[in-house]
Amino acid sequence: MTEVAAGTRVVPTIAALRATLAERRAGGASVALVPTMGALHDGHLALVRRARELADVVVVSIFVNPLQFGPGEDLARYPRSLDADVAALTALGVDTVFAPHVDEMYPRGGAGGTTVHAGPIGSRYEGASRPGHFDGMLTVVAKLFGIVLPDVAVFGQKDAQQVFLVSRMVADLDLPVRIETVPIVREPDGLARSSRNRYLDAEQRRAALVLVESLRAADAAASAGPSELLAEGVAAFGDHDGVTLDYFVVVDPDTLLPVPDDYRGRALVLVAALVGSTRLIDNAFVEIG
Ligand code: AMP
């Protein structure tokens, strides 16, 4: 396969991707994978920059995975912007974009075949509101690991439960890949960057700040203990029209289970809310006690 000088190749098939990566690996190159659903923003690009530091070859996958969307979710209207995504990745010096069609990833259909089960943490928090989401996510991530055989895969802390479950899958299934996590990239006013932010109108965009405000309130109360922290965080949602809190929890980062009230030390606060009909998530580490 010929290299395009300083260009980014968009590869739609598994066979072509494997062939090009095998060649690079035979030449001694290490490979980093950044899995995405496209509609790239600065959060994704931070992952790509980290991947470039960690490996010789960077593969960014762009695939809106139907298996991780439930009925009634935004699969059909999820933003897609392949040309702009590729331009942004070219500017960052990415070698290869893997952008398969759904039939390439699921030639026998997705739902009826072998899938990964996320385990008990997969049905909490995001998984409680989005049944099957994490099984679908882990299934596609496992497939991408099998296709790309990356030395390292880079994920965002923005999706804290996702990166926890991916790390758990890698440990439980002895997959030979290192997981690297990148901190949350935010807008100047604090809103966590998300492809779904583009669903928000101006008023909803303002209202969406309640998520990060609730995390700041929780952090400010963290020295008083978990229940005070939770009370302050939830109180931030008090009088926001058009915002519905889904969950606000404080968990042990090592287990993702809710902490007991006498817990002291580093904890992770997870929040999800609907702003209009747009589901947004955010999280922050806090020090309790
Ligand atoms: P997505 O395209 O939404 O599936 O996200 C692809 C990857 O980008 C995941 O590992 C996300 O956690 C990560 N990501 C998305 N938004 C952000 C952000 N604001 N900061 C850091 N990483 C992010």
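In what follows, every heavy atom counts, from backbone to side chain, and hydrogens, waters and symmetry copies are set aside. Note that the numbering runs from 1 along the sequence shown for the chain. All ligand and atom numbering here is 1-based and tracks the order in the structure.
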Query raised in the report: ligand 1: which residues have a non-hydrogen atom closer than 4.0 Å?
Result: Pro35, Thr36, Met37, His41, Gly43, His44, Leu47, Tyr78, Phe155, Gly156, Lys158, Asp159, Gln162, Pro183, Ile184, Val185, Arg193
Query raised in the report: How would you list, by chain and number, every residue that makes a side-chain contact (heavy atoms from CB on, under 4.5 Å) with Leu230, sequence neighbours excluded?
Result: Phe248, Val250
Report task. Report the distance from atom OG1 of Thr36 to atom CG of Leu89, rounding to the nearest 0.5 Å. Result -> 7.5 Å
Report task. Using the test side-chain contact (heavy atoms from CB on, under 4.5 Å), find all partners of Arg49 that sit at least two apart in sequence or belong to another chain. Result -> Leu45, Leu92
Query raised in the report: With sequence neighbours excluded, what pairs up with Asp189 under the salt bridge (Lys or Arg N to Asp or Glu O under 4.0 Å) test?
Result: Arg205
Query raised in the report: Do side-chain atoms of Asp252 reach the backbone of Val259 as a donor and acceptor pair under 3.5 angstrom?
Result: no
Query raised in the report: Do Phe285 and Ile288 share a hydrophobic cluster (ILVMFWY, side-chain heavy atoms under 4.5 Å, transitive)?
Result: no
